[in-house]
Every structure is written in C-alpha cells, then in structure tokens.
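Notes follow once the structure below has been shown.
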Amino acid sequence: MSGTVQPRTTSEDFSGTPRRGRTGRVRLSGLPWLVWRQHRLTFVLLLAAGAATTAGVLWLAQDATSAVAAVEGPHPSLAKVAALDSVYQRLEPVGLALTCLPFVIGVFVGAPLFAGDLETGTAKFVGVQSRSRWNWVTTKLLMAASFVIVVALSTGLAVKALWSPLARHAAVNADFTTAGGFDTTGPVVVALSLLGLLIGAASGLLLRRTLPAMVTTFIVLLAVKAVWGSVRMMFAPTLTKTTGGGRFGSEDFPQISASALSIDHSYVTGDGSLVGWGSCVNAEDSPACLRDKGVVGWSVEYLPYSHMNAMQWAAAGALAALIAVTVGVVAYAARRTMR
C-alpha cells in the first residue's frame, strides 16, 4: 500500500468559477454555489412567478391583437366592438398589478438577502472562508440581479406586446404614460426592479433584521413610486400642433393621430404665447373675450406612441443615476456592517 495521498478530484472549490463534474455538466462552485444553495427557493419561486405572469400576459396580448384586428377589419360588428372594449377594461388592472414587481423583488428578495444571515449570525463565518466578505456581498447581489433581470425582461416584453396594439388603435383608452403602461415595460421595468432589489439589500445590511428590513423597503419604495409618478412626464418628448386664422371654436381643434395622447391644450395668440383654455369660460361673450386677449387659434401638446421608446430610455438613464447612488448606499452599509 502506497503512503502517498492522492488529491481528491471534485467539481466544487472556492474559486467561484464553474467546474465540470464526472458527467461533464457544468456546476457552480465556491461562493456562487453557496449563494444558490441558500437562496435557491427564492430564486426558483421568482422565476416560476415570472414565467406564469409572462404566459398570462402573452395570452391577453394575443386576445388584444385579435380584438383590434377584428374591429379594424372590413366588417366590424357591435359584438366585436364590445369585445375590444372589454380588453381595454382589463388593461388598467393588469398594468397596476404588474407595477408591484419592484415591491415584490425588494421586499421578498432584496431585504432577506443579507438580513437573514446577519440576523442568524451566519454572516460571521463568511470572514473565515477563502473569499472576502466583499466578494460575498458582490456575489449575492450579482446572482440575485441576474434572476431579477430575467424576470423583468420577460414580463416587460409581454406587457409591451399587450399594450402596443391597443395604444396604436386608441391611445386615449390605453394611456402609455401611466404607471401601468410605462413602468412595466422596456428598460424602465428592469431599472425599477433592480432599484427595488438594491433598496431591499441596503435595508437588510443597515437594519440586520429581516422583518424590519422588509417593512422599511416597502415604505421606501412607496416614497420612490410617489416621486417617480410626479416626474415621469418630464422625460416625454412631446410635440405641438397649432391652428390660426382666428379659428378657435371646438370644431377647429387640431386633430392628432389615434395613437397619440393629448397632454395639454390651450389657446394661442398672434405672438405665439399661450392662453389657458378656461380663461373666458365664464365670460358673457366668450369669443369676444378671446379676441380681446389676442387669441387666433388652438395649441395642443401631444405625445405619439412612437415616442415612447425615447421617453423610456431617457427615464431609464435617470433611474440608472439613482441606482448608482443606491449602490453607494449598499457599499456604505456593507462596510459598516462588516467592521
């Protein structure tokens, strides 16, 4: 019997890089493996919920596309119009329900990500591993963020497929600037979801207890939602259409595309200044009142649906700056916690 100890071949080490087992399958190792083992139930549930939501919204999108095509066809009937109306009525509650995604991610994924380890004391053992605690924090955040991005992208694309045919047919019934139509699609839903994750992670690191971190995350996200709702339209690349020649009756109002939203309307004077549309409502002779103010026509500010992508990317840029600030808060909280 030889006295030489043969090195054990294994597919797991603490290098953090994937290894191949005897079957040739790629397996996680090191910190990624530990993070997966600890949070796999949360990650799997998140993926399952995202897949189910995506499938449901895609089914509604197919229904919406068919309803629009039937009404725009050569022989629209009252039954077809009624079917399309029912689709529009479902649009708002579906959109509002999906605005909860950043809350779900922040409260149930982000907040327990570190708070659970800090509350039970298992975070103390991270320092004795071959990897530093900073790598522990980074690995947890990157793995959680990867699952969050997958879910946000899939649901966002599904909502886009639902909203697009309805907004192009009649944007007035499918307002794409509301939270349900804007915050749930494109790069905005990804940015908001990542922001929710980071706010939850920061709360967990600072408070070190799961339940208080979850409550704090929910409250902070409510505040973010309120502020975001008040500034969202700042990123809208609107257009303006005017009339002139002294025509400012209701029949002279500028016509815009069915796929565009009217943001604001007012009267316009000869020098291009605007007069509020209600300025002469209570006057005995409204036309004479408007002429005295120099009104020569209408001015309508509107947003075509085709401009939504530009609006979303501009908004996502602002959210990216907020995400960067939140990353700084997470780094500060991690450094403070790991002293």
Side-chain angles (χ1 to χ4, degrees), residues 64 67-68 71-74 76-93 95-96 99 163-183 225-312 314-315 318:
V68 170
V71 170
E72 292 180 348
S77 63
L78 292 178
K80 294 177 180 179
V81 173
L84 181 58
D85 288 341
S86 66
V87 172
Y88 277 113
Q89 291 173 5
R90 291 199 302 259
L91 193 60
E92 183 176 0
L96 289 178
T99 59
W163 219 278
S164 293
L166 298 174
R168 290 192 178 99
H169 177 73
V172 67
N173 296 326
D175 190 343
F176 51 88
T177 64
T178 62
F182 188 81
D183 296 347
K225 180 180 175 65
V227 174
W228 180 246
S230 65
V231 302
R232 186 186 301 114
M233 288 303 298
M234 292 174 56
F235 306 100
T238 59
L239 301 176
T240 302
K241 191 172 185 179
T242 60
T243 63
R247 301 186 304 271
F248 43 79
S250 58
E251 67 279 3
D252 302 312
F253 193 82
Q255 298 298 312
I256 59 176
S257 169
S259 62
L261 284 174
S262 176
I263 305 301
D264 192 18
H265 63 275
S266 55
Y267 295 109
V268 62
T269 63
D271 60 3
S273 59
L274 300 179
V275 176
W277 65 270
S279 299
C280 295
V281 170
N282 297 323
E284 293 183 3
D285 189 347
S286 180
C289 173
L290 291 172
R291 291 190 186 93
D292 289 342
K293 294 180 179 294
V295 171
V296 296
W298 285 101
S299 173
V300 57
E301 181 184 11
Y302 66 100
L303 178 66
Y305 182 71
S306 58
H307 288 198
M308 183 180 178
N309 285 338
M311 180 179 175
Q312 284 200 317

Nearest 0.5 Å please: distance from the [atom1] atom of [X] over to the [atom2] atom of [Y].
{"X": "Arg90", "Y": "Leu166", "atom1": "CZ", "atom2": "CG", "value": "9.5 Å"}
{"X": "Arg291", "Y": "Asp285", "atom1": "CZ", "atom2": "CG", "value": "7.5 Å"}
{"X": "Asn173", "Y": "Leu91", "atom1": "CG", "atom2": "CG", "value": "9.5 Å"}
{"X": "Thr269", "Y": "Leu274", "atom1": "OG1", "atom2": "CG", "value": "7.5 Å"}

ask   = Strictly under 6.0 Å, is that where the ring centroids of Tyr88 and Trp163 end up?
value = no
task = Decide if the gap between the ring center of Tyr305 and the ring center of Phe176 is smaller than 6.0 angstrom.
result = yes
request  = Heavy atoms only: give me the nearest His169-Ala258 pair and the separation to one decimal.
outcome  = O-CB, 3.5 Å
inquiry  = Checking side-chain polar atoms at under 3.5 Å, does Glu301 have a donor or acceptor matched by the opposite partner on His265?
reply    = no
ask   = What salt bridge (charged side-chain N to carboxylate O under 4.0 Å, His left out) pairs are there with at least one residue in residues 167-181, not counting sequence neighbours?
value = none
ask   = Can you name the ring-ring contact (aromatic ring centres under 6.0 Å, His included) partners of Tyr302, sequence neighbours left out?
value = none
query = Are Asp183 and Lys225 within salt-bridge range, i.e. N to O under 4.0 Å?
reply = no
message = One pair to check against side-chain contact (heavy atoms from CB on, under 4.5 Å): Phe182 and Met311. What are the steps and the verdict?
response = CA-CA 9 Å; Phe182 188 81; Met311 180 179 175; 3.5 Å; yes
query = Which residue, Leu239, Val300, Leu303, forms the side chain to side chain contact (heavy atoms under 4.5 Å, CB included) with Ile263?
reply = Leu303
